[in-house]
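Index from 1, following the sequence. Every number for a ligand or one of its atoms is a count from 1 in the order of the listing.
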Amino acid sequence: MCGIVGYIGPRRAQSIILNGLKQLEYRGYDSAGLAVLQENGRIAIRRDAGKLSNLEELVHLSPIDGHIGIGHTRWATHGKPSQRNAHPHASMKGRVVLVHNGIVENYAELREELAMEGITFSSDTDTEVIVQMAERFLEAGLDFEDAMRQVLGRLKGANAVVAMAVDSPDRLICARLGNAGGIALGIGDDEMFLASDIPAILDHTREMVFLDNRQMAIVTRDGYQVTDTEGHPLEAEIHSIPWDPVSAVKGEYKHFMQKEIFDQPQSLINTLRGRADFESGQIFLPDLKLSPELTRRLKRLFIIACGTSYYAGLIGKYMIEELTRLPVDVDYGSEFRYYNPILDKGAAVITITQSGETADTLAASDLAKARGATLWSIVNVIGSQSMRMSDGYITMQAGPEIGVASTKAFTTSLVDLYMLACVLGRARGTLGDRHYRKRVNELSRIPDLAGRVLDHDQEYQDLAGRFFKAQDFLFIGRGINYPVALEGALKLKEISYIHAEGYPAGEMKHGPIALIDESMPVLAIVTKDALYDKMVSQLEQAKARGGVVIALATEGDEAIKGKADYVIYVPEAPPLLAPIINVIPLQLLSYHIAVRRGCDVDQPRNLAKSVTVE
Ligand code: G6P
């Protein structure tokens, strides 16, 4: 979704903003622009449709000098991707310039009202009503802050904005209404940075403040004041972001996704660090704030998420039900928010979200809170809305994930879910001392096993060479590996645009088996577990119908070679943790197939890294 960057300080705003926008490219966008307040008191804008390189070219041909500015990468909602619809947008007389993320739900009504007053519009966006309205309030004699406050009061929907005005050349004003993505205020030394996402400003500072719903901030070179949208001053907590800017660059890798797949052994270690003590066989999750009273109260759990995080949730259900015997429902944020779930004080809602800003997941969280349920989040981005609004949380510790297709956030969230299951099981007494310690210790092998899978990268690359022209792909698995099949299919379709489906293998006979012929590769997860024999027979059924079968099997399983056309081996892992290991070959296979097909791996068409609109 849209990316926002802002700067105010002694340096040239243009280059800081361009650099920030580059760090946000991964979010997906269709146009980009920036605006800088010049020494002559006017605000100059450069913007264009297409890649950031178009904007760079414009700025190169016609640079703008100045020390305060804003930038934006746009993902169209109202008005097609074009130069006129690209942000920043300026008001009719050029007094206010603004960038925006979200959807102004009542924009048609506001546009009509403004048009009746003689305002002419120069774009097809909903954003333009915000900036035109701001100028109208300035013309009526309000100062910049009051004008913005009035405007915010008129907007419906979830929106985040950063604005600058020629009459107030010493400040930027930013605001957040609802869950249209966050705004981070980066604190520098005699300079301030603004961004929708942390990586945009990580090069400059790690001290950040995050705006909550219905908050605005007046940002000057030497500080900031956070208020509510009525203007009452608020205390804002400063978060120290532990991420290292180096971890947000590709380094030796060709793509972020590739780097992030290879990051996994390290990110899994980071997830365990400080939480799992293998000496004493214990797990510590203090941020979860699980009290004995809450443990007694809990009767059921809901896991809510979107995309890859949702599939992590499906796996979490197996883990938690197995170790705690608490019933767990798993649902998409976009579904959960619109039905009438049975939520009360006896329920806990666990959201899983890499970004912590996915609009549907946040809306589901609002619902959980409103109904009195406990809200926990498993979240990667420190300081994100999801983390801030939760009663307790577990961070993924995956570091910045830039590739649109989620990889290391998936595997680290599985570790978090497992740790949660252990801690809850222990607290509820469903996991006795000995079993608890055994389960905890099983975690210690996971980073190493992940590394061993990565050692076989060349095999996945070879396999990709064999299958990159396929038009369809079927992934099948059973039990806890069924969601792994779903995730394998999602990875492939997201980045290579090959139609792929994940299916519970036992359901093949109720439909998908009709699709199987020589042109349909079937990837079967047939690792050694309780359902091994059942999986083998389903694999044989696919083979008997002419399907080309790739078996993902456990090292040492020689017998499988006689039943499948291709075999990928993974080391044996404890059953509840096996998905973490089994998914890695699927990530790599999709990655190499997408590369062979010449696809834009890190920024697949039509997709965004964090989906901040409904
Ligand atoms: C988008 C991303 C996916 C991600 C999903 C949920 O669709 O492209 O990679 O899994 O959002 O995002 P979240 O940040 O809530 O985990």
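Shown here are the ring pair (Phe, Tyr, Trp, His ring centres under 6.0 Å) partners of H72, two or more places apart in sequence or in another chain: H87. Under the rule for a ring pair (Phe, Tyr, Trp, His ring centres under 6.0 Å), Y393 has no partner lying at least two apart in sequence or in another chain.
Annotation: the span from I261 atom CD1 to S267 atom OG amounts to 11.5 Å, rounded to 0.5 Å.
Between R176 and N101, the side chains place no donor N or O within less than 3.5 Å of an acceptor N or O (distance only, hydrogens not considered).
Residue pairs meeting the ring pair (Phe, Tyr, Trp, His ring centres under 6.0 Å) criterion with at least one partner in residues 575-607, sequence neighbours excluded, are H255-Y591.
Ion pairing of D416 with R275 is present here, as a side-chain N (NZ or NE/NH1/NH2) and a carboxylate O approach within less than 4.0 Å.
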What are the distances between nitrogen or oxygen atoms of ligand 1 and protein nitrogen or oxygen atoms, counting only those under 3.5 Å?
| residue | atom | partner | partner atom | Å |
| --- | --- | --- | --- | --- |
| ligand 1 | 8 (O) | V404 | O | 3.4 |
| ligand 1 | 8 (O) | A608 | O | 2.9 |
| ligand 1 | 9 (O) | V404 | O | 2.9 |
| ligand 1 | 10 (O) | T308 | N | 3.0 |
| ligand 1 | 12 (O) | T358 | OG1 | 3.4 |
| ligand 1 | 14 (O) | T353 | OG1 | 3.4 |
| ligand 1 | 14 (O) | Q354 | N | 3.3 |
| ligand 1 | 14 (O) | S355 | N | 2.8 |
| ligand 1 | 14 (O) | S355 | OG | 2.6 |
| ligand 1 | 14 (O) | T358 | OG1 | 3.4 |
| ligand 1 | 15 (O) | T353 | OG1 | 2.7 |
| ligand 1 | 15 (O) | T358 | OG1 | 2.5 |
| ligand 1 | 16 (O) | S309 | OG | 2.6 |
| ligand 1 | 16 (O) | Q354 | N | 2.7 |

